[in-house]
Amino acid sequence: MIFAGNFKTNHTRSSTKEYISILTKLVTNERVYIFPPSIALDKFEDSSIKIGTQNAYPTKNGAFTGEIGLEQLDEFDIKTILIGHSERREVLNENQEDIASKFKFFQDNGFEIIYCIGEPLEVRKNGEKAVIEYLLSQFNGIDLNYDNLIVAYEPIWAIGTGVSASIEDIKGIHKALKEVVKSPLLYGGSVKIDTIKDISNIDEVDGVLVGSACLDANKFYEMMSIK
Ligand code: 13P
């Protein structure tokens, strides 16, 4: 199982350092990724945990106020990025074209990409066929044959709401996605200690992308230990 934790706009530079040190001592054989806010990116040299960036601008450097590029990521050997998260699509207005060019840039630079897709509630209300069609449109311009790719399915209505998708829903969507996605497929959206067992037991789920329930290192590790 892959366990990826997205801090979003939580944790500081010092609390991230403490978090990574706690989690590093606990984690043994799981594949673990942490995405801290960009201000907290660092090398964390003695850790087996992969540190990724939640976002970056598709540039080496330049005049892009408020953004970070390759040069800033290289300083900390960051080679993993989240692209297409619904909060960037919905709140920060990144469209599919922006997302596809960001994907291409980081693919060309050899990054491991966790590419996120997910439908809003209006689409979900129209049934599974409509959901799949919507999700497939989020692959426009994306090279699904990229070998350093992980895909994360995160239904928007399940993110931060405490209401995870049902086991049947996750199974159905992941099964359909697996017909086009050959890379590992994560589920995200209100994954919690009480739901991890059922979710991780779904054959088509290769891991989870966790927001609020990853913010405490000990609790995130507890989640990893539940089989
Ligand atoms: P929550 O686990 O808080 O619902 O967030 C999921 C998510 O968006 C991870 O990227």
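Each residue takes its place number in the sequence, starting with 1. All heavy atoms count here, side chains included; hydrogens, waters and symmetry mates do not. Ligands are counted one by one from 1 in listed order, and the atoms in each one are counted from 1 as well.
Using cut-offs of 30° and 60° on the angle between ring planes, the pair Tyr115 and Phe139 is tilted.
Proximity of Gly189 to ligand 1 is established by a heavy-atom distance of less than 4.0 Å. Close to ligand 1: Gly160, with a non-hydrogen atom less than 4.0 angstrom away.
Electrostatic pairing of Arg13 and Asp42 counts as a salt bridge here, judged by a charged N lying under 4.0 Å from a carboxylate O. Ion pairing between a basic and an acidic side chain is recognised when a charged N comes within 4.0 Å of a carboxylate O; Lys102 and Asp98 show no such pairing.
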For ring pair (Phe, Tyr, Trp, His ring centres under 6.0 Å), just list the numbers for Phe7 and Tyr19, CA-CA rounded to whole Å, side-chain angles, deciding distance to a tenth of an Å, and then say yes or no. CA-CA 11 Å; Phe7 282 4; Tyr19 180 107; 4.7 Å; yes
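For atom 5 (O) of ligand 1, the closest heavy atom belonging to the protein is Lys8 NZ, 3.2 Å. When hydrogens are left out, the protein atom nearest atom 10 (O) of ligand 1 is His85 NE2, 2.9 Å; that is the closest non-hydrogen contact.
When heavy-atom distances to ligand 1 are checked against a 4.0 Å cut-off, Ala158 comes that close only through its backbone atoms N, CA, C and O. In Asn6, the part holding a heavy atom less than 4.0 Å from any atom of ligand 1 is the side chain.
Taking only non-hydrogen atoms, the option from Glu154, Lys192, Glu87 nearest to atom 9 (C) of ligand 1 is Glu154.
Dense packing is recorded around NZ of Lys182, with more than 12 heavy atoms of other residues, nucleotides or ligands lying under 6.0 Å away. Lys175 NZ: 12 or fewer foreign heavy atoms inside a 6.0 Å radius. Environment of NZ in Lys197: sparse, with no more than 12 heavy atoms of neighbouring residues, nucleotides or ligands closer than 6.0 Å.
Here's the thing with Thr161: none of its N/O atoms is less than 3.5 angstrom from an N/O atom of ligand 1.
Shown in contact with Gly211 at under 4.0 Å from a heavy atom are these atoms of ligand 1, numbered in order with element: 1 (P), 2 (O), 3 (O), 5 (O), 6 (C), 9 (C). Near Leu209, the atoms of ligand 1 lying under 4.0 angstrom from a non-hydrogen atom of the residue are 9 (C), 10 (O).
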